A.B. asks: 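Dumping the structure here so I can ask a few things about it.
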Amino acid sequence: MKKKLLFLGPPGAGKGTQANLFCKKYGLDHLSTGDLLRDEVSSGSVLGLKAEEVMNKGELVSDELVLSIVEGRLENINEGWLLDGFPRNVNQANSLKSLLEKINQPLEAVVLIKCADDYLIKRLLERGRKDDNQQVIKNRLEIYREKTSPLIDLYKKEGILEEIEGNADIDVVFSCIEKSLG
Ligand code: B4P
């Protein structure tokens, strides 16, 4: 089973849901930039307050902040890990490449969880987090298409992309991911 992983996909595709299950079952370190940013917001720090404003609009937090959070974590990571929600643009992907070269742990697979907009919108509205309302979701989807989706081709060219259909029951999606990484 591959153990240096990245989960990619539109908001609500199930990256966080599947990453949690996968890390629990296979004992991987789970690095979710969304969770780390929400922790920063809860801490009430100045950076957290800035991040909250951006997240509530559905935009991407600055690369500088995200990279400073990720860098510290990656330096202390185990041999098995899963990146969830990072990178989210080409600049972050390039920085990740350099960081992984530095620690000599190249990515083994990128799992793209695909899902149609109608399902994404329904799931996110049902979840009802602060950034899960109609206008903000629309913005998040546009930003995904513009800034994050170019990463699909990038990892396809590297020959490490696995495409999974995310519009199915959680356990069905999970076993498709397991099969693709086995
Ligand atoms: P994230 O926390 O990464 O959240 P997400 O992309 O919206 O959700 P995810 O795909 O993980 O969906 P989940 O499994 O939870 O990002 C939030 C914000 O943080 C971003 O908008 C941005 O502002 C900021 N951010 C994060 N990383 C950043 C970075 N690198 N750079 C800059 N900014 C960054 O699933 C959603 C819902 O669907 C859940 O309720 C779940 O139960 C349900 N669900 C999942 N799978 C399902 C299935 N198969 N069937 C039915 N329901 C399902």
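Start at 1 and go down the list; that is how both ligands and their atoms are numbered. Quick caveat, the model's predicted, so the values are computed rather than measured.
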A.B. asks: Hey, does Lys15 have a side-chain heavy atom less than 4.5 Å from the side chain of Leu8?
C.D. replies: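 No, their side chains stay 4.5 Å or more apart.
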A.B. asks: If you round to the nearest 0.5 Å, how far is OH of Tyr144 from CZ of Arg88?
C.D. replies: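 Output value for this atom pair is 9.5 Å.
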A.B. asks: Using a strict 4.0 Å cut-off to heavy atoms of Gly34, name the atoms of ligand 1 that fall inside it.
C.D. replies: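 Those qualifying, in numeric order: 2 (O), 26 (C), 27 (N).
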A.B. asks: Using side-chain heavy atoms (C-beta onward) and a distance below 4.5 Å, is Asp84 in contact with Leu6?
C.D. replies: no
A.B. asks: Quick one: nearest non-hydrogen protein atom to atom 27 (N) of ligand 1, plus distance?
C.D. replies: Thr33 OG1, 2.8 Å
A.B. asks: Roughly how far, to the nearest 0.5 Å, is the CG atom of Asp117 from the CD1 atom of Ile137?
C.D. replies: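 So the CD1 of Ile137 and the CG of Asp117 are separated by 10.5 Å.
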A.B. asks: Could you identify which residues cluster with Val136, counting Ile, Leu, Val, Met, Phe, Trp and Tyr as linked when any side-chain heavy atoms lie under 4.5 Å apart, either directly or through a chain of such contacts?
C.D. replies: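 Same cluster as Val136: nobody, lone residue.
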A.B. asks: Can you tell which of Met55, Arg88, Glu59, Arg140 gets a heavy atom nearest to atom 1 (P) of ligand 1?
C.D. replies: Arg88
A.B. asks: Counting only heavy atoms closer than 4.0 Å, does ligand 1 sit against the backbone of Val66, its side chain, both, or neither?
C.D. replies: side chain
A.B. asks: Provide, to 0.1 Å, the distance between atom 11 (O) of ligand 1 and the closest protein heavy atom, together with that atom's residue and name.
C.D. replies: Gly16 N, 2.9 Å
A.B. asks: For atom 17 (C) of ligand 1, which protein heavy atom lies nearest, and how many Å away is it?
C.D. replies: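 Nearest neighbour among protein heavy atoms for atom 17 (C) of ligand 1, to 0.1 Å: Arg129 NH2, 3.4 Å.
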A.B. asks: Contact between Pro10 and ligand 1, counting heavy atoms under 4.0 Å?
C.D. replies: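 It does; at least one heavy atom falls under 4.0 Å.
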A.B. asks: Between Glu158 and Lys97, is the closest basic N to carboxylate O distance under 4.0 Å?
C.D. replies: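 Salt bridge present between Lys97 and Glu158.
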A.B. asks: What residue and heavy atom of the protein are closest to atom 8 (O) of ligand 1, and at what distance?
C.D. replies: Gly12 N, 3.5 Å
A.B. asks: Kindly check if the number of other-residue, nucleotide or ligand heavy atoms within 6.0 Å of CZ (Arg38) is above 12?
C.D. replies: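 Yes, the 6.0 Å shell around CZ holds more than 12 heavy atoms from other groups.
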A.B. asks: Atom CG in Leu82, atom CG in Leu31: separation rounded to 0.5 Å?
C.D. replies: 9.0 Å
A.B. asks: Do Pro87 and ligand 1 have an N or O pair less than 3.5 Å apart?
C.D. replies: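 Pro87 vs ligand 1: no N/O contact under 3.5 Å.
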A.B. asks: Hey, does Ser32 come in under 3.5 Å of ligand 1, counting only N/O atoms on both sides?
C.D. replies: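 There is no such contact.
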A.B. asks: Around atom CD of Glu64, are there more than 12 heavy atoms from other residues, nucleotides or ligands closer than 6.0 Å?
C.D. replies: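 No, the 6.0 Å shell around CD holds no more than 12 heavy atoms from other groups.
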A.B. asks: Taking atom types as modelled, find out whether Asn78 and Asp29 have a side-chain donor-acceptor pair closer than 3.5 angstrom.
C.D. replies: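 Looking only at side-chain atoms, Asp29 and Asn78 do form a donor-acceptor pair, the distance falling under 3.5 Å.
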A.B. asks: Run down the list Lys122, Arg127, Glu52 and name the one with the heavy atom closest to atom 40 (O) of ligand 1.
C.D. replies: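 Heavy atom nearest to atom 40 (O) of ligand 1 belongs to Arg127.
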A.B. asks: Tell me, which protein residue and heavy-atom name are nearest atom 31 (N) of ligand 1, and how many Å apart are they?
C.D. replies: Gln92 NE2, 3.0 Å
A.B. asks: Are any non-hydrogen side-chain atoms of Ser95 and Asp63 less than 4.5 angstrom apart?
C.D. replies: no
A.B. asks: For atom 49 (N) of ligand 1, grab the closest protein heavy atom and report residue, atom and distance to one decimal in Å.
C.D. replies: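 Its nearest protein heavy-atom neighbour is Ala168 O, 2.7 Å.
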A.B. asks: Give a yes/no verdict on whether any heavy atom in Gly9 is under 4.0 Å from an atom of ligand 1.
C.D. replies: no
A.B. asks: Check whether any N or O atom of Phe86, backbone or side chain, sits under 3.5 Å from an N or O atom of ligand 1, and answer yes or no.
C.D. replies: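 Between Phe86 and ligand 1 (N or O atoms, distance only) the closest approach is not under 3.5 Å.
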A.B. asks: How far apart are the C-alpha atoms of Leu107 and Leu100, what are their side-chain angles, what is the distance that settles it, and do they pass the side chain to side chain contact (heavy atoms under 4.5 Å, CB included) test?
C.D. replies: CA-CA 8 Å; Leu107 255 180; Leu100 294 178; 4.1 Å; yes
A.B. asks: Is there a polar contact, in the sense of an N or O pair closer than 3.5 Å, between Thr17 and ligand 1?
C.D. replies: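 Yes, since at least one N or O of Thr17 sits under 3.5 Å from an N or O of ligand 1.
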A.B. asks: Indicate, as side chain, backbone, both or neither, the part of Ala13 found under 4.0 angstrom from ligand 1 when only non-hydrogen atoms are considered.
C.D. replies: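 It is the backbone that gets close, since no side chain atom is under 4.0 Å.
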A.B. asks: Can an N or O of Asp131 be found at a distance shorter than 3.5 Å from an N or O of ligand 1?
C.D. replies: no
A.B. asks: Sequence neighbours left out, what passes ring-ring contact (aromatic ring centres under 6.0 Å, His included) with Tyr26? Give chain and number order.
C.D. replies: Phe22
A.B. asks: So, does Gln18 sit close enough to ligand 1 that a heavy atom of it is under 4.0 Å from the ligand?
C.D. replies: no
A.B. asks: Give the residue and atom name of whichever protein heavy atom lies nearest to atom 10 (O) of ligand 1, and the separation in Å to one decimal.
C.D. replies: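 Atom 10 (O) of ligand 1 sits closest to the protein heavy atom Lys15 NZ, 2.8 Å.
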A.B. asks: Going from CD on Glu165 to CD on Glu163, what distance comes out if it is rounded to the nearest 0.5 angstrom?
C.D. replies: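 That separation rounds to 10.0 Å.
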A.B. asks: Could you list which atoms of ligand 1 come closer than 4.0 Å to a heavy atom of Gly85?
C.D. replies: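 Checking each atom against Gly85, I get 27 (N), 28 (C), 29 (C), 30 (N).
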A.B. asks: Provide, to 0.1 Å, the distance between atom 38 (O) of ligand 1 and the closest protein heavy atom, together with that atom's residue and name.
C.D. replies: Arg123 CD, 3.5 Å
A.B. asks: Does ligand 1 have an atom that lies less than 4.0 angstrom from a heavy atom of Arg38?
C.D. replies: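 Flag set, Arg38 near ligand 1.
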A.B. asks: Does Leu37 come within less than 4.0 angstrom of ligand 1, counting non-hydrogen atoms of the residue?
C.D. replies: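 Flag set, Leu37 near ligand 1.
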A.B. asks: Please say whether Val61 places an N or O atom under 3.5 Å from an N or O atom belonging to ligand 1.
C.D. replies: yes
A.B. asks: Hey, which atoms in ligand 1 end up nearer than 4.0 Å to a heavy atom of Gly166?
C.D. replies: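 Under 4.0 Å from Gly166, ligand 1 has these atoms: 49 (N).
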A.B. asks: Would you check if Leu141 and Ile121 make a side-chain contact, meaning some heavy-atom pair closer than 4.5 Å?
C.D. replies: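 Yes - at least one pair of side-chain heavy atoms lies under 4.5 Å apart.
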